[in-house]
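A short worksheet on the structure shown next.
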Amino acid sequence: MGKFLTIFAITTLVLTGCSAPSEEVASPEPTPVFNAGDVCDKPAEEVKSNGSILLCTYIIGQGWTFIPLKGPGVFPGQNELTQLPINKCKIKDNRPPEVRYFGATGFPAPETRMPNKGEVTVAIIPIDFPDALGVTDPMSLIRKDLETIDAWTEFFTDGRLKYNWVFSEEWLTMPKESKYYVWDKSYISDGEFFKMSDKQLQSNQKQATQVFSAAEKVMDLEQVEYAWIFSNPEAKLVDWGPGPTNSATQTIKTKTSTYNLDYFPIGTYLFGNVPEYSHQRPLWTSMLHEMGHAHGLAGHAPGNEWTFDHMTAGGTLSAWNGWIMGWIADEDFVCLDGTEPAKHTLILDSVDLHRGGTVAAVIRLSNHEVLVVESRKKGPFSIDFNPEYSSLMAYYVNTRRAADRFDGNLAREMDYYSYFLRIEDPNRPFDPEAYQLDPNILAQLGDTLAFENIRVKFAESSGFDTIEVEVLSR
């Protein structure tokens, strides 16, 4: 009756022409107009003004300032530069083909496992267990991570790569208890393999067969090129979950089908459900990392477990890896000769902001060695950068060296195929035993990075960074 009376009363007002007392309508506040260079007070805020998108960022010596993020004529362009043809800096991966299969350190990127451009179909296979049944909708637990991955690929690849997600909305219950879906994953420290546990009761192949036998009943796996096996995060025994036999495309056989694809597990370690043990990184960064290997990146250098690339436990993309993948275009690079005495002054955009300018200066040393110089700033996916972060960094790449992982032993950092340069007089406090980020790789305004006869100075910062490269006589 109450609902009827309410509806009737509203109708009566309309029919009798009655109206509520008029109220004065406040005039809308005028939209503020901002220009590049104006002071701002909300870090990372984006505003639209005068046909451009401006970003509130920290500029050394100026404080919080609006800089152009997108719009016509954002990048100021380069002055006259003596450059090498761009292909001179696209050094080939000089390792044997059977090694390059596992990920590139130079050009070209292998596409023997998963394409690095176009649309790639990825399956999410949620599994639970008789002793740990899932209660929460599985996709609600990781949907935000998938959305972040989609935004990341659109941002860093300019739409050159897109994931099509296929998934089950319900948990697929395995035939055995959770303890049978443990993976004794190996890790590398100081160049040697170690097992993370000794609890595995079923072979990798048996676990995979059980998972994919359940999955093929509810989803079409024929076109899937990568799969994530997502274990119920309440199954505390499943720290990793059903894992692959090795770092390569797997062959999984069920009673009705054979699948050839890469897959990786999401257990309590990656999901972060056991705080004292877990990876402690956002899940989307780990997913991008593992799929990056299947796309054809070696990763884990420079600075393994540092935050400057999704292949070294960060959330961003280094210019070199983006170039190898074909995600960043040739015109966004400058190629310089590192063998002849010369001085160069050039302007860099930050790869973290991706505004359509030069993101890296690549200095060719030989047919298998380059230096890569990048401007790094706080961007939308820079998970560990503080808002005031702004620096210059450079790293050495040698495509004849093996892409081994010397995790945890920074004394062997220069055994990597790639490592960071340090400032000319490294004097900032750093404790390698604490496995912290070495601040001497982050050149601040006025600092100079050094490598043999080459000096790279961070000369000026105004939203874009001006660098001076000097090649000295040997």
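The first residue of the sequence shown is numbered 1, and numbering continues consecutively from there. Heavy-atom basis, side chains included; hydrogens, waters and symmetry copies ignored. For clarity, every value in this text was computed on a predicted model and none was experimentally measured.
Between Phe385 and Phe308, the distance from one ring center to the other falls under 6.0 angstrom. If you look at Phe230 and Phe167, their ring centroids are not closer than 6.0 Å.
Side chain of Asp145 to main chain of Trp284: a donor-acceptor pair is present (N/O by atom type, distance under 3.5 Å, no hydrogens or angles). Although no hydrogens or angles enter the test, the distance criterion places no donor-acceptor pair under 3.5 Å between the side chain of Glu374 and the main chain of Met393. Judged purely by atom type and a 3.5 angstrom limit, Arg422 uses its side chain to pair as donor or acceptor with the backbone of Phe420. Asn204 places a side-chain N or O within 3.5 Å of a backbone atom of Pro244 that can act as its donor or acceptor partner. The backbone N or O of Gly37 sits nowhere less than 3.5 Å from a side-chain atom of Thr65 that would complete a donor-acceptor pair. With hydrogens and angles ignored, the 3.5 Å screen pairs a side-chain donor or acceptor of Trp327 with a backbone N or O of Asn116. A side-chain donor-acceptor contact under 3.5 Å links Asp309 to the backbone of Ser318. Checking side-chain atoms of Asn94 against main-chain N and O of Lys92 turns up a donor-acceptor pair under 3.5 Å. With hydrogens and angles disregarded, no donor-acceptor distance shorter than 3.5 Å links the side chain of Arg95 to the backbone of Ala402.
By the side chain to side chain contact (heavy atoms under 4.5 Å, CB included) test, Ser375 pairs with Leu348, Ser350, Lys377, Asp465, sequence neighbours left out. In this structure His293 satisfies the side chain to side chain contact (heavy atoms under 4.5 Å, CB included) test together with His289, Glu290, His300, Met311, sequence neighbours excluded. Among residues two or more places apart in sequence or in another chain, the side chain to side chain donor-acceptor pair (under 3.5 Å) test is passed with Asp330 by Lys90, Trp323. A search for side chain to side chain donor-acceptor pair (under 3.5 Å) contacts involving Asp158 returns His354, not counting sequence neighbours.
A heavy-atom distance below 4.5 Å is not found between the side chains of Val211 and Ile252. Here the side chains of Ile328 and Leu317 are in contact, with some heavy-atom distance below 4.5 Å. Proximity of Ile91 to Glu369: side-chain heavy atoms (C-beta onward) are nowhere separated by under 4.5 Å. Contact check for Leu449 versus Val373: no side-chain heavy atoms found under the 4.5 Å cut-off. Leu161 is listed as a side-chain neighbour of His295, based on a closest heavy-atom distance under 4.5 Å. Put simply, the side chain of Ile124 does not reach to within 4.5 Å of the side chain of Arg143, judged on heavy atoms. Side-chain atoms of Asn398 and Thr105, non-hydrogen and from C-beta on, never get closer than 4.5 Å to each other. In this structure the side chain of Arg355 never reaches within 4.5 angstrom of the side chain of Leu55, judged on heavy atoms.
Atom CD of Glu46 is separated from atom OG1 of Thr57 by 11.0 Å, given to the nearest 0.5 angstrom. Atom-to-atom distance recorded for Met414:CE and Tyr419:OH is 5.0 Å, nearest 0.5 angstrom. Between the CZ atom of Arg400 and the NE2 atom of His368 there is a distance of 4.0 Å, given to the nearest 0.5 Å. Annotation: the span from Glu424 atom CD to Arg455 atom CZ amounts to 5.0 Å, rounded to 0.5 Å. The structure places CE of Met291 at 8.5 Å from NE2 of His310, a figure rounded to the nearest 0.5 Å. Here the straight-line distance linking atom CD1 of Ile266 with atom CG of Asn232 works out to 12.5 Å at 0.5 Å rounding.
Taking the six-membered ring where tryptophan is involved, the planes of Tyr269 and Trp240 are tilted, since the angle between them lies from 30° to 60°. Using a 30° and 60° split on the angle between ring planes, Trp64 and Tyr58 fall in the perpendicular class, above 60°. Between Trp152 and Phe381, the ring planes lie perpendicular to each other; the angle is over 60°, past the 30° to 60° tilted range.
Residues Thr249 and Asp262 have side chains that bring a donor and an acceptor to within less than 3.5 angstrom of each other. Residues Thr251 and Asn260 bring a donor and an acceptor atom of their side chains to less than 3.5 Å of each other. Using a 3.5 Å distance cut-off with no hydrogens or angles, the side chains of Asp438 and Asn440 do pair a donor with an acceptor.
Residues Gln62 and Ser461 come closest through the heavy atom pair OE1-O, 4.4 Å. Nearest heavy-atom pair, Ser231 versus Val238, reported as atom, atom and distance to 0.1 Å: OG-CG1, 3.6 Å. Considering every non-hydrogen atom in both Lys206 and Ser203, the closest pair reads N-OG, 3.1 Å. Considering all non-hydrogen atoms of both residues, Ala104 and Ala109 come closest at CB-CA, 4.1 Å. Scanning both residues, Gly303 and Thr312, for their nearest heavy atoms gives O-CB, 3.8 Å. The shortest non-hydrogen separation linking Cys89 to Leu336 is SG-N, 4.1 Å.
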Side-chain atoms of residues 338-347: list all donor-acceptor pairs with protein atoms under 3.5 Å, sequence neighbours left out, distances to 0.1 Å.
from   : atom 1 : to     : atom 2 : distance (Å)
Thr339 : OG1    : Asp337 : OD1    : 2.6
Thr339 : OG1    : Asp337 : OD2    : 3.4

Indicate every side-chain donor-acceptor pair of residues 467-474 with a distance under 3.5 Å to a residue at least two apart or in another chain.
from   : atom 1 : to     : atom 2 : distance (Å)
Arg474 : NH2    : Glu452 : OE1    : 3.4
Arg474 : NH2    : Asn453 : OD1    : 3.3

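Exactly one of Leu288, Thr148, Leu270, Ile383 qualifies for a side chain to side chain contact (heavy atoms under 4.5 Å, CB included) with Pro282. That residue is Ile383. Checking Phe107, Tyr417, Tyr396 one by one against Trp320, the ring-ring contact (aromatic ring centres under 6.0 Å, His included) holds for a single residue, Phe107. Applying the ring-ring contact (aromatic ring centres under 6.0 Å, His included) test between Tyr263 and each of Trp183, Trp228, Tyr226, Phe212 identifies Phe212 as the sole match.
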Problem - Candidate pair Val47 and Phe66, rule side chain to side chain contact (heavy atoms under 4.5 Å, CB included), full reasoning - result: CA-CA 9 Å; Val47 299; Phe66 277 121; 3.6 Å; yes
Exercise for the section: Check step by step if side chain to side chain contact (heavy atoms under 4.5 Å, CB included) holds for Asp184 and Lys199. Expected result: CA-CA 6 Å; Asp184 288 341; Lys199 300 180 292 184; 4.2 Å; yes
Problem - Worked check of side chain to side chain contact (heavy atoms under 4.5 Å, CB included) between Gln207 and Ile229 - result: CA-CA 11 Å; Gln207 293 184 49; Ile229 300 175; over 6 Å; no
Problem - Worked check of side chain to side chain contact (heavy atoms under 4.5 Å, CB included) between Phe333 and Val359 - result: CA-CA 6 Å; Phe333 293 83; Val359 297; 4.2 Å; yes
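Environment of CD in Gln223: sparse, with no more than 12 heavy atoms of neighbouring residues, nucleotides or ligands closer than 6.0 Å.
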